[in-house]
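The basis for the numbers below is simple: all heavy atoms, side chains too, and nothing from hydrogens, waters or symmetry mates.
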Amino acid sequence: MRHAWLLLLGLAFGACPVDTAPSFDGDALEVKREQPPPPDTACTDACALSGQLCQPFDGPACLGACDAGVPDGGSATQVKDCLTDAGFSCSAARACLRPPASPPFSAGPYGKAVRDLAGPFTLSLPEGDWDFAAEWTGEDSYLFLGYAQATSGLFAGSLRPLLDASPRHVHYVFGWLRDQPGFEAARQRWARELEALPEPDRTWWKARVHFPLPALDQTPGWVGELLRNRWANPPRYLGNELTSFAIDRAQRIREVGMLGHLTQGGVAPDLSMLRHEAEAFEAEAGTQARLARQSARVFTLATAQTVYDSIDVDVTWPSEAELAQYDTLEADLFLGCPEHRSTLCGAWDYLSHLRRCEVAGPVDGGVSADGGTGWLPDGGLAWRCDEELARWITPYWREGRWVTDISAQLATLRPGANHLRWTANGQWDPRRTDYVVSLSLRLSNSQRGLRPVAAVPLWTGGNLNAGYDAAHPPRTVDVPADAKKVELVTLLTGHGGVQPTNCAEFCNHQHLFTVNGALHRQSFPEAQQPSTCAGRVPAGVVPNQHGTWYYGRGGWCPGQDVAPWVVDVTGDVLKGQPNTLTYRAEFMGAPVTGDLGNVVLSSWLVVWR
């Protein structure tokens with residue numbers, strides 16, 4: 001067949017007339033120089049033939065490449081030669097119109113475990129074969145969903161809501177695992193929806209929504225092997241890995257989470273939520289690219305460390321002179337599952353903190369070696385860890401990574417040895433399980449022109465009730481005369497679900513800070529909104545967690561870092577003088593009178609220069 005393809009191309013190109021040099025006078029020569037060059041008919045004929053043999057195939061883009069060359073600067077001859085070399089492989093023909101993949105398709109080694117490299121495979125589609133390696137761009141993710149009894153509800157509705165809300169750089173592969181007739185009915189309905197899309201969406205999505213002909217677990221090669229291996233070793237909890245998986249933009253195997261909303265009767269399926277996986281992969285790729293460009297000094301606190309609820313670590317900060325070179329501090333936390341499998345992950349959304357520690361006083365039963373420093377009975381130091389640097393909320397049954405700007409804490413770093421503690425509530429229901437933690441702190445210079453030099457602690461939280469305001473009296477803070485910028489910074493989240501308000505997790509409690517009488521209000525109108533956290537996947541929320549992850553909360557989302565709330569109060573302060581700061585809480589515009597749960601708060605007045 002390949003020889004037939006070459007013969008067709010040869011006949012097409014051989015039929016092109018040979019240009020002869022016309023005669024012209026000098027004036028005609030000047031006119032000729034102003035005319036555009038004639039099109040490369042050999043190249044355009046190759047485009048036409050590829051368009052006839054391959055669907056989808058972007059004919060206009062091919063003709064444009066003949067005129068201007070492919071995006072990496074190739075010539076029309078190279079486009080024609082590439083199409084000739086592609087033979088009957090439509091995947092290879094489509095690759096002729098793209099610049100080289102970046103990163104290129106990996107040569108392996110390949111595996112079948114989550115986070116292993118995905119191997120090459122070919123899908124047999126109604127319109128022809130689709131070759132994963134040839135179609136690889138380095139800019140797309142790939143989401144696979146198989147039809148079975150557990151997923152039939154996802155195939156019952158329309159495809160359009162998914163495509164309308166989806167990022168563009170993703171391929172969706174919908175196949176069958178059980179009940180081929182049921183899948184075929186859905187495939188025909190969705191194929192009609194694809195044909196009904198307006199242009200350019202129709203061309204775009206027809207090239208990116210695939211319906212393989214064989215059962216997914218019987219697909220020759222890597223895909224079939226992966227799924228057969230999973231069905232042979234079913235998980236105890238969560239069946240998603242039997243019917244779905246993903247390949248991210250780094251060619252790594254990933255899991256797909258819960259595609260629906262929790263109800264009293266179980267999970268109400270919602271296919272459109274599949275898009276959140278692609279959103280997360282795009283956000284991850286963006287973060288990774290930014291970090292790769294960044295020149296940072298990285299302090300590693302933990303690397304794939306398996307722990308139940310805490311890590312204690314000593315870190316040595318550089319000298320005062322070196323610290324003065326940095327204006328940015330970021331906390332980089334990867335909270336993994338054992339074997340990277342959601343079924344082995346913790347089930348609950350718990351608070352997690354990174355804190356700086358000081359040596360505590362004498363400990364009962366211990367031996368004080370120096371007349372005052374606290375020692376534990378086993379000879380270890382006792383630490384008091386109450387200076388918060390960063391905060392996160394753990395995901396429901398999934399792993400995630402967050403890089404958080406905590407630059408205000410630069411002012412609290414002390415050169416030399418420091419003791420830090422990372423904590424998260426231990427996961428115990430429905431069974432005890434561990435976290436797999438990788439954590440680092442990154443010092444860099446973002447060319448801000450200023451850096452924080454002082455961070456004065458203000459208030460912490462407590463029970464949000466009628467006595468809350470009295471427990472948070474005014475503070476007086478001296479601001480240096482040479483301060484260039486002053487910020488109010490808080491880490492503030494509400495927890496507990498006290499009826500009937502469901503505060504402080506699911507209600508809009510307000511927090512009123514004043515600086516010399518100037519009011520700054522932190523509030524949470526998104527609390528209890530049905531899709532606030534689902535809308536924040538591009539900002540780092542772990543998608544499709546196995547719980548009510550999508551609801552807005554009082555200052556947080558499950559499976560996300562708690563970004564500091566930062567307000568520029570430079571215009572409110574009196575430099576070189578004492579400044580009065582106040583803080584109180586409200587609910588529904590009035591002082592708190594009942595029991596509204598708990599507020600976890602750290603706050604500072606931060607001076608930059």
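Aromatic pair H276/W549: centroids less than 6.0 angstrom apart. Two rings, from Y583 and H472, have their centers less than 6.0 Å apart. Ring centroids of W556 and H495 are separated by less than 6.0 Å, placing the two rings close together.
Checking side-chain atoms of W397 against main-chain N and O of G346 turns up no donor-acceptor pair under 3.5 Å. Between the D561 side chain and the A563 main chain, no donor and acceptor come within less than 3.5 Å of each other. N463 places no side-chain N or O within donor-acceptor distance of the main-chain N or O of N465, the cut-off being under 3.5 Å. Formation of a donor-acceptor pair under 3.5 Å by the S440 side chain with backbone atoms of L301 is not found in this model. A donor-acceptor pair under 3.5 Å links the side-chain atoms of S158 to the main chain of R160, judged by distance alone. One N or O on the side chain of T394 and one on the backbone of W348 form a donor-acceptor pair closer than 3.5 Å. N240 places a side-chain N or O within donor-acceptor distance of the main-chain N or O of G257, the cut-off being under 3.5 Å. In terms of modelled atom types and a separation under 3.5 Å, the side chain of R275 and the main chain of S272 share a donor-acceptor contact. For the pair W176 (side chain) and L213 (backbone), a donor-acceptor distance under 3.5 Å is present.
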Start with the C-alpha gap between D314 and N418, add the side-chain angles, then the distance that decides, and say whether side chain to side chain contact (heavy atoms under 4.5 Å, CB included) holds. CA-CA 6 Å; D314 292 313; N418 287 256; over 6 Å; no

For side chain to side chain contact (heavy atoms under 4.5 Å, CB included), just list the numbers for V498 and L596, CA-CA rounded to whole Å, side-chain angles, deciding distance to a tenth of an Å, and then say yes or no. CA-CA 6 Å; V498 181; L596 301 183; 6.0 Å; no

Salt bridge (Lys or Arg N to Asp or Glu O under 4.0 Å) between E284 and R401, intermediate numbers included: CA-CA 8 Å; E284 286 181 9; R401 181 191 183 188; over 6 Å; no

Test side chain to side chain contact (heavy atoms under 4.5 Å, CB included) on Y396 and T548 and set out the steps. CA-CA 8 Å; Y396 297 104; T548 57; 3.5 Å; yes

Would L389 and L329 count as a side chain to side chain contact (heavy atoms under 4.5 Å, CB included) here? Give the steps. CA-CA 10 Å; L389 299 178; L329 174 63; over 6 Å; no

Could you walk me through whether E358 and R414 pass the salt bridge (Lys or Arg N to Asp or Glu O under 4.0 Å) test, one step at a time? CA-CA 12 Å; E358 300 286 351; R414 295 185 287 271; 2.7 Å; yes

Could you walk me through whether W190 and F155 satisfy the ring-ring contact (aromatic ring centres under 6.0 Å, His included) test, starting with their C-alpha distance in whole Å, then the side-chain angles of each, then the deciding distance to 0.1 Å, before giving a yes or no? CA-CA 9 Å; W190 287 357; F155 289 81; 5.2 Å; yes

Step by step, would you call H171 with W130 a ring-ring contact (aromatic ring centres under 6.0 Å, His included)? CA-CA 12 Å; H171 288 254; W130 187 89; 5.4 Å; yes

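In this structure, R398 does not pair ionically with E241, as no charged nitrogen and carboxylate oxygen lie closer than 4.0 Å. Taking a cutoff of 4.0 Å between a charged side-chain nitrogen and a carboxylate oxygen, E139 and R249 do not qualify as a salt bridge. Remark: E255 does not engage R341 in a salt bridge, criterion side-chain N to carboxylate O under 4.0 Å. With salt bridges taken as basic N to acidic carboxylate O contacts below 4.0 Å, one links R178 and D217. Salt-bridge formation is not detected for the pair R208/E135: no Lys NZ or Arg NE/NH1/NH2 atom is positioned less than 4.0 Å from an Asp or Glu carboxylate oxygen. A salt bridge links R115 with E399: the closest approach of a Lys/Arg side-chain nitrogen to an acidic carboxylate oxygen falls below 4.0 angstrom. Classification of R536 and E526 as a salt-bridged pair holds, one side-chain N sitting under 4.0 Å from a carboxylate O. Look at E225 and R228 and you find no salt bridge, because none of the NZ, NE, NH1 or NH2 atoms lies under 4.0 Å from a carboxylate O. With respect to the salt-bridge test (charged N to carboxylate O, under 4.0 angstrom), the residues D248 and R252 do not qualify.
Side-chain contact check for S602 versus W604: some heavy-atom pair is nearer than 4.5 Å. With a 4.5 Å cut-off on side-chain heavy atoms, F587 and T501 count as touching. Looking at P558 and R553, their side chains come closer than 4.5 Å, going by heavy atoms from C-beta outward. The shortest side-chain heavy-atom distance between L439 and I311 does not fall under the 4.5 Å cut-off. Annotation: side chain of P212 is not in contact with side chain of S124 (no heavy-atom distance under 4.5 Å). Contact of the W392 side chain with the L354 side chain is registered, since non-hydrogen atoms from C-beta on lie closer than 4.5 Å. Looking only at side-chain heavy atoms (C-beta outward), L123 and F132 stay at 4.5 Å or farther from each other. Residues S352 and R391 are not in side-chain contact: their nearest non-hydrogen atoms beyond the backbone lie 4.5 Å or more apart.
Cation-pi geometry between R442 and F299 is not met: the NZ or CZ atom fails to fall both under 6.0 Å from the ring centre and inside 45° of the normal. Taking the centre and axis of the six-membered ring of Y237, the NZ or CZ atom of R431 falls inside the cone set by 45° and 6.0 Å.
Residues S106 and Q251 have side chains that never bring a donor and an acceptor to within less than 3.5 angstrom of each other. In this model, no donor atom of one side chain and acceptor atom of the other lie less than 3.5 Å apart for H261 and T263. Q528 and E505 are not linked by any side-chain donor-acceptor pair at a separation below 3.5 angstrom, with hydrogens and angles left out of the test. No hydrogens or angles considered: a donor-acceptor pair under 3.5 Å links the side chains of Y435 and Q427. For the residue pair T490/Q522, the side-chain donor-acceptor check at 3.5 Å is satisfied. Side-chain N/O atoms of E277 and N544 include a donor and acceptor closer than 3.5 Å. Looking at D434 and Y308, their side chains never bring a donor and an acceptor atom within 3.5 Å of each other.
Between F174 and Y172, the ring planes are parallel. Angles under 30° get that label, and only those over 60° would be called perpendicular. Ring orientation note: the planes of W222 and F121 are close to parallel, at an angle under 30° on the 30°/60° scale. Y468 and H511 have perpendicular rings, their planes meeting at more than 60° on a 0 to 90° scale where under 30° would count as parallel.
Shown are L333, I406, V315, D332; of these, the side-chain contact (heavy atoms from CB on, under 4.5 Å) with L441 is made only by I406.
Other residues, nucleotides and ligands contribute only 12 or fewer heavy atoms inside 6.0 Å of the CZ atom of R236. Atom CD of Q499 has more than 12 neighbouring heavy atoms from other residues, nucleotides or ligands inside a 6.0 Å radius. Within 6.0 Å of CH2 on W231 lie more than 12 heavy atoms contributed by other residues, nucleotides or ligands. Other residues, nucleotides and ligands place more than 12 heavy atoms under 6.0 Å from the CD atom of E184. With a 6.0 Å radius and a threshold of 12 heavy atoms from other residues, nucleotides or ligands, W383 has its CH2 atom above the threshold.
The CH2 atom of W205 sits 9.5 Å away from the CG atom of D164 when rounded to the nearest 0.5 Å.
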